[in-house]
Amino acid sequence: MDKKMDRTFSFDGIKKETKRVRWPKKQDTATRTGEVVTFTAFFALYFVLCEFIVSYVLKLIGIGA
């Protein structure tokens, strides 16, 4: 096995790499989580509303059940 490969995938190498990572602050994580939840809720409501509108239109023209 290649020596460079050994150093890259050793536990010491992994620990060294995790110390180099710039981890997000709690406030940043909370903000981004709130944005994702809001975005997801908005699009969930949007698609439900679209489904109701399409169902209503189809019922009006006699195609829907």
Side-chain angles (χ1 to χ4, degrees):
M1 193 170 205
D2 190 337
K3 284 287 187 185
K4 184 173 179 158
M5 186 72 98
D6 283 341
R7 280 187 282 140
T8 304
F9 291 104
S10 68
F11 287 110
D12 289 334
I14 292 170
K15 282 171 49 176
K16 184 188 277 186
E17 189 65 28
T18 56
K19 288 179 182 177
R20 284 191 214 165
V21 173
R22 188 181 142 249
W23 298 101
K25 307 268 189 262
K26 281 187 179 184
Q27 181 64 35
D28 293 337
T29 303
T31 301
R32 300 294 180 234
T33 301
E35 290 173 359
V36 169
V37 169
T38 302
F39 183 81
T40 304
F42 171 77
F43 276 98
L45 290 172
Y46 172 77
F47 286 120
V48 168
L49 181 64
C50 287
E51 182 179 355
F52 282 134
I53 291 171
V54 169
S55 295
Y56 179 74
V57 170
L58 289 176
K59 284 180 186 177
L60 279 178
I61 61 175
I63 295 175

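Values below: every heavy atom of this structure, side chains too, minus hydrogens, waters and symmetry copies.
Atom CD of Glu17 and atom OG of Ser10 lie 11.0 Å apart (nearest 0.5 Å). Once rounded to the nearest 0.5 Å, the distance linking NZ of Lys15 with CZ of Arg20 reads 14.5 Å.
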- [ ] Go through Asp28 and Lys25 one step at a time and tell me if the side-chain contact (heavy atoms from CB on, under 4.5 Å) criterion holds.
- [x] CA-CA 5 Å; Asp28 293 337; Lys25 307 268 189 262; 4.0 Å; yes
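Applying the salt bridge (charged side-chain N to carboxylate O under 4.0 Å, His left out) definition to pairs two or more places apart or across chains, none involves residues 48-58.
Cluster membership for Tyr56 and Leu49, using ILVMFWY side-chain heavy atoms within less than 4.5 angstrom, is not shared.
If you chain together ILVMFWY residues whose side-chain heavy atoms come under 4.5 Å of each other, Phe52 ends up grouped with Val48.
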Cut-off 3.5 Å, no hydrogens considered: what does the side-chain donor-acceptor table look like for residues 38-46, sequence neighbours left out?
unit_1: Thr38; atom_1: OG1; unit_2: Gly34; atom_2: O; d: 2.8
unit_1: Thr40; atom_1: OG1; unit_2: Val36; atom_2: O; d: 2.8

